[in-house]
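Throughout, protein chains are lettered first and strands after them, A, B, ... in sequence-line order, and every chain is numbered starting at 1. In what follows, every heavy atom counts, from backbone to side chain, and hydrogens, waters and symmetry copies are set aside. What you are looking at is a predicted structure, and each value in this text was computed from that prediction instead of being measured.
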Amino acid sequence: MVDKEKEGFEFPKYTMKVEKAKIIEFALAVSLRQKKEDINPIYYDEEAAKKAGYKGIPVPPTFMTSFFFWTGGGLAEIVSVLGMDISKVLHSEEEYEYLGQIYAGDIITREMKVTQIYQRGKKQRAGMFVNVVVLETIVTNQQGETVGKVRSLMMERQ
Amino acid sequence: MPLTYNEMSVGNTLPPYTAGPMTRTHFVRYAGAAGDFNPLHHDETFVRAIGLDSVIAHGMLIMGIAGEAVCSWIDGKNLRKLSTRFLSMTKPQDWHNPENTKSRATIVVTGKIVKIYQENGEKLMKCDIIAKDLLGSRKLDGFFIAALP
C-alpha cells in the first residue's frame, strides 16, 4: 500500500533527449497507424513542420507521458518508491498544461513531486475505497524554459 | 485553413473522430512508444491473476486518441491545456471473435465548445470532450483549452 509519508516527496531530476524516431513511434501509436506516411508529416518532416508554423518537429499533445515512463526506471520504479502495489494501481486522471513547444532534439528535464496522498470513497464498499496519489511534474527544456506542466492522478485499490 | 476566433462559438462541435477497432498489437505498439510496460496492457497471465478476463488499453492511449481528435480540428501548437479523467476499461478486439468485440474496441471522440474568452491577450476556447466506445460506454471525459488566431 502507498506510503503516506511520501507526500511531498521529490523524485530525482531526470534528463532525456527527445528522439526523432520516438516522436514518429508515438504519433503512429496514438493514430493507430502502421507507417509514417500515414501520420501528420509535421511529426517526421522538418520542412512540413516549419511550413505549419513550428520551429522544428513538434511532439503530439500527450507525448510528455513518455518522460514519466522512459526515465528513472519507469512505472515499476515509481510505484515501488511510493510503496504501491502495481496490481492494484489505476491511472485515473491526467492533465497537461502547455507553456511552450517541445521539439525533436530537445534535452528535457523532468522534475516530479508527490503533491498529495489521500483516501477516497466509503470503507464499507469493497473496491470503491482507494488511495489517491497526485503527482505534479515540471518539464523544462535545454534553454531553461518551462515548456509543460503535468498533473497525474493514480488510484490504488485497497 | 486554421479556425479563427470569429468563426467559433459556444455550442460548436469538434468533428467526431473515430479510431479502431484496436487489437492487442495496438496496445503493444503504444507500450513501446510511451514506455508504459504495465503488464495490465499486454500480459493475459497477469490480468487473470488480478481477476480480469482480458488485457485493457492504456488510459493514456485513449487520451492519445483524444489528442489526435483535437489536433484534427485545431493546431497542436495552439493547445494550452488538455485534461482528462479515465472512466472505464477498454478491451481489445479478439481475433477469434472479431465481430462481437469490434464495437467495444472502437473509440469515438466528440466535443463541444463551452466557453469563448480572452485571457492574457489570447483569444481562447474551452471545449469539453468525451470518448466512448461504439456500445456507448464512456472511456474518458475532460476538456481542452486552445488559443485561436
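The contact between B:L40 and chain A is made entirely by side chain atoms (from C-beta outward), counting heavy-atom distances below 4.5 Å. At a 4.5 Å heavy-atom cutoff, the contact between A:A52 and chain B is made by backbone atoms alone. Looking at A:L90, the atoms closer than 4.5 Å to chain B (heavy atoms on both sides) all sit in the side chain, from C-beta outward. With a 4.5 angstrom heavy-atom cutoff, B:I50 touches chain A only via side-chain atoms. For B:F144, no part sits under 4.5 Å from any heavy atom of chain A, backbone or side chain.
By number of non-hydrogen pairs under 4.5 angstrom with chain B, the leading residue of A:G53, A:A21, A:S92 is A:S92. For the options A:G100, A:S31, A:P58, A:A27, heavy-atom pairs under 4.5 Å to chain B are most numerous at A:S31. In terms of heavy-atom pairs under 4.5 Å with chain A, the best-connected choice from B:E68, B:K77, B:H26 is B:K77. Ranking B:H58, B:M60, B:R85 against chain A, the residue ahead of the rest is B:M60, based on heavy-atom pairs under 4.5 Å.
Here the CG atom belonging to B:N38 is positioned 9.5 Å from the OG atom belonging to A:S87, to the nearest 0.5 angstrom. Taking OH of A:Y96 as the reference point, atom NZ of B:K81 lies at 14.0 Å (rounded to 0.5 Å). Rounded to the nearest 0.5 angstrom, A:H91 NE2 and B:I62 CD1 are separated by 12.5 Å. Atoms CZ and CZ, on B:R29 and A:R33 in that order, are 11.5 Å from each other to the nearest 0.5 Å. Atom CD of A:E95 sits about 5.0 Å away from atom CZ of B:F143, to the nearest 0.5 Å. Here the straight-line distance linking atom CD of A:E93 with atom CG of B:L140 works out to 11.5 Å at 0.5 Å rounding.
Between A:P61 and B:L79 the shortest heavy-atom distance is CB-CD1, 3.7 Å. A:V30 approaches B:G64 most closely through the heavy-atom pair CG1-CA, 3.6 Å.
Taking hydrophobic clusters as Ile, Leu, Val, Met, Phe, Trp and Tyr residues chained together by side-chain heavy-atom distances below 4.5 Å, A:I57 shares a cluster with A:Y98. Grouping the Ile, Leu, Val, Met, Phe, Trp and Tyr side chains by contacts below 4.5 angstrom, directly or via other members, places B:V28 apart from B:V55. Hydrophobic clustering (side-chain heavy atoms under 4.5 Å, transitive across Ile, Leu, Val, Met, Phe, Trp, Tyr) groups A:V150 together with A:I108. Residues A:V130 and A:V114 do not share a hydrophobic cluster, defined by chaining ILVMFWY side chains whose heavy atoms lie under 4.5 Å apart.
Between A:F69 and B:F37, the ring centre distance reaches or exceeds 6.0 Å.
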- [ ] Evaluate the criterion side chain to side chain contact (heavy atoms under 4.5 Å, CB included) for residue pair B:F86 and A:E94; output intermediate values, then yes/no.
- [x] CA-CA 8 Å; B:F86 304 112; A:E94 184 88 349; 4.2 Å; yes
- [ ] Report the C-alpha separation of A:T65 and B:D36 in whole Å, then their side-chain angles, then the decisive distance to 0.1 Å, and conclude whether the side chain to side chain contact (heavy atoms under 4.5 Å, CB included) test is met.
- [x] CA-CA 9 Å; A:T65 184; B:D36 183 351; over 6 Å; no
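A heavy-atom distance below 4.5 Å is found between the side chains of A:L32 and B:M22.
Of the charged side-chain nitrogens involved, none lies within less than 4.0 Å of a carboxylate oxygen, so that B:R80 and A:E97 do not count as a salt-bridged pair.
A:W70 places a side-chain N or O within 3.5 Å of a backbone atom of B:A33 that can act as its donor or acceptor partner.
For CD of A:E5, the number of neighbouring non-hydrogen atoms (other residues, nucleotides, ligands) closer than 6.0 Å is 12 at most.
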